[in-house]
Number of protein chains: 2
Amino acid sequence: MEKNSYTIGEVAKMFNLSVSTLRYYDQEGLIPNLNKDASGHRKFNSENIDAIEIIECLKEVNMPLKDIKLFIKWNLEGDITLSNRLSLFINLDKTLKKRLERLEEISRIVDYKKEYYSQAVRDGTEKFVSKNKVSLLEIKNDRRIPKEK
Amino acid sequence: MEKNSYTIGEVAKMFNLSVSTLRYYDQEGLIPNLNKDASGHRKFNSENIDAIEIIECLKEVNMPLKDIKLFIKWNLEGDITLSNRLSLFINLDKTLKKRLERLEEISRIVDYKKEYYSQAVRDGTEKFVSKNKVSLLEIKNDRRIPKEK
DNA sequence: ATAGGACTTAAAGTTAACTTTAGGTCAAGA
DNA sequence: TCTTGACCTAAAGTTAACTTTAAGTCCTAT
């Protein structure tokens, strides 16, 4: 049998969040329709858990909580906000793709740095490796030239 | 002829940072060997610009400034800190790869959401599309089961 | 010579996203 | 029965990473 409601402590473990963070989200209105049981304890149903999943997702793409709040509000407002929500995800997709590219670039830089320091550690010194050291700027040098006025 | 020193304003434009952020980094000791000209204005040379490049890079992988500071300190301390620096990049590589995977997953979710809302906007309502709506939880459901104690 | 613009410092202020504290309720087990 | 642990609220505190403010210097162009 499927469990259909969870305590705040269970949800905290599920998402690896603290109990007080969940209370804070609730307080901020990020978890719509979150009910309480007879003794005032929060009862999280699957809708509430979906909301937290979305929050965590949007947090990971650096969306501030106030924007996440707006998205959640749009959801509650129904069909009139559909185009808002569509453009939110279109924009998100763009920034996400840029971020992915940049992180892949950084990943290459980190790979290089790993090799660089591996050799240096083997040698016991940076001296020998530093001659052919490629600086980060040589790997990516599109930022060097200041915009002319 | 290559320019070999830049003003704070030029560097700010280069990296799309504010002038006060650069002063803050300097104050925090993140830019070693940053000199000033006769009238007390900061003169950024290529070593200083390299440092900022690294800072920006490490910031983008969510490294806090205090850790970046430590890395910069290690650099100044020379060969005795080589293994520290190696393990820093080994760890960075691991977390970076995890992040990349997670972002790709989120990218798929966002793609789905774009399609979802595209259809909804075409229909003028979420009603028809919501029947076969795949929740985020169905796309990724490895967080559902709370850890048993 | 004076006004504007880019620079300087030191210190105070801001913002987001929590986290902690203080004091209280409630249910279960020894 | 009484203590332990999980929950509750409201409010204050924390931290990072800037940003702003206030007061001043220096150079250039009108």
Side-chain angles (χ1 to χ4, degrees), chain A residues 3 5-31 33-45 48-49 51-73 146-149, chain B residues 3 5-31 33-45 48-49 51-73 146-149:
Chain A
K3 206 169 174 187
S5 113
Y6 299 87
T7 68
I8 198 167
E10 286 169 335
V11 177
K13 271 177 207 139
M14 245 187 253
F15 288 97
N16 206 28
L17 291 171
S18 75
V19 164
S20 41
T21 299
L22 285 171
R23 289 200 194 105
Y24 167 71
Y25 287 173
D26 183 24
Q27 185 181 299
E28 289 294 294
L30 291 164
I31 315 170
N33 310 316
L34 176 53
N35 297 316
K36 296 187 181 167
D37 69 12
S39 53
H41 294 188
R42 289 172 184 81
K43 274 177 65 174
F44 292 76
N45 62 24
N48 306 139
I49 289 170
I52 297 164
E53 180 81 49
I54 292 163
I55 293 166
E56 289 311 284
C57 223
L58 296 178
K59 261 171 53 182
E60 283 185 272
V61 294
N62 299 327
M63 188 178 287
L65 287 189
K66 73 164 176 17
D67 292 3
I68 299 177
K69 208 162 159 177
L70 184 59
F71 171 66
I72 297 215
K73 196 182 138 238
K147 291 188 192 84
E148 49 253 49
K149 40 188 165 178
Chain B
K3 205 169 174 186
S5 111
Y6 299 87
T7 68
I8 199 167
E10 286 169 335
V11 178
K13 270 177 207 140
M14 244 186 251
F15 288 96
N16 207 27
L17 291 170
S18 75
V19 164
S20 42
T21 298
L22 286 170
R23 286 204 272 255
Y24 167 71
Y25 287 172
D26 183 24
Q27 184 182 299
E28 289 295 294
L30 291 163
I31 314 169
N33 310 317
L34 176 53
N35 297 317
K36 297 188 181 166
D37 69 13
S39 53
H41 295 187
R42 290 172 183 81
K43 273 177 65 173
F44 292 76
N45 63 22
N48 306 139
I49 288 170
I52 298 163
E53 182 80 48
I54 292 164
I55 294 165
E56 290 310 285
C57 223
L58 296 177
K59 260 171 55 182
E60 282 185 272
V61 294
N62 299 325
M63 188 178 286
L65 287 188
K66 71 163 180 18
D67 293 2
I68 299 176
K69 208 161 157 177
L70 183 60
F71 171 66
I72 297 213
K73 195 182 139 237
K147 291 190 193 82
E148 48 252 49
K149 39 188 168 183

Closest heavy-atom pair, Glu28(B) versus Lys69(B), reported as atoms and distance to 0.1 Å, is O-CE, 3.0 Å

Please give me the minimum heavy-atom distance between Asp26(A) and Ile31(A), naming the atom from each residue. N-CD1, 3.9 Å

Phosphate oxygens OP1/OP2 of [N]: is one of them under 4.0 Å from a side-chain N or O of [X]?
X	N	value
Ser18(B)	dC18(D)	no
Lys36(A)	dC26(C)	no
Tyr25(B)	dA17(D)	no

Nucleotide of [options] approaching [X] most closely (side-chain heavy atoms):
X	options	answer
Arg42(B)	dC26(C), dT8(C), dT19(D)	dT8(C)
Thr21(A)	dA17(D), dT19(C), dC18(D)	dT19(C)
Ser20(A)	dT19(C), dC7(D), dT9(D)	dT19(C)
Pro64(B)	dA17(D), dC18(C), dC7(C)	dA17(D)
Thr7(B)	dT9(C), dC7(C), dC7(D)	dC7(C)
Ser39(B)	dC8(D), dT19(C), dC26(D)	dC26(D)
Leu65(B)	dT9(C), dC26(D), dA17(D)	dA17(D)

What is the distance from [atom1] of [X] to [atom2] of [N], rounded to the nearest Å?
X	N	atom1	atom2	answer
Leu70(A)	dA16(C)	CG	C1'	17 Å
Lys66(B)	dA16(D)	NZ	C1'	10 Å
Leu17(B)	dA17(D)	CG	P	14 Å
Lys43(B)	dT8(C)	NZ	P	13 Å
Leu22(A)	dA6(D)	CG	P	15 Å
Tyr24(A)	dT15(D)	OH	P	17 Å
Asn62(A)	dA16(C)	CG	P	15 Å
Ile8(B)	dT19(D)	CD1	P	13 Å

Let me know, please, whether His41(B) or Gln27(B) comes out on the 5' side of the other along DNA chain C by nearest nucleotide.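 Its nearest nucleotide lies further toward 5', so the answer is His41(B).
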
Taking for each residue the nucleotide of DNA chain D with the nearest heavy atom, is it Asp26(A) or Lys59(B) whose nucleotide lies nearer the 5' end? Asp26(A)

To the nearest 0.5 angstrom, please state how far the CG atom of Leu58(B) sits from the CD atom of Glu53(B). 10.5 Å

Whether the side chain of Asn33(A) engages the backbone of Asn48(A) through a donor-acceptor N/O pair (distance < 3.5 Å, no angle test) should be reported. no

Is the shortest side-chain N to carboxylate O distance from Glu10(B) to Lys13(B) below 4.0 Å? no

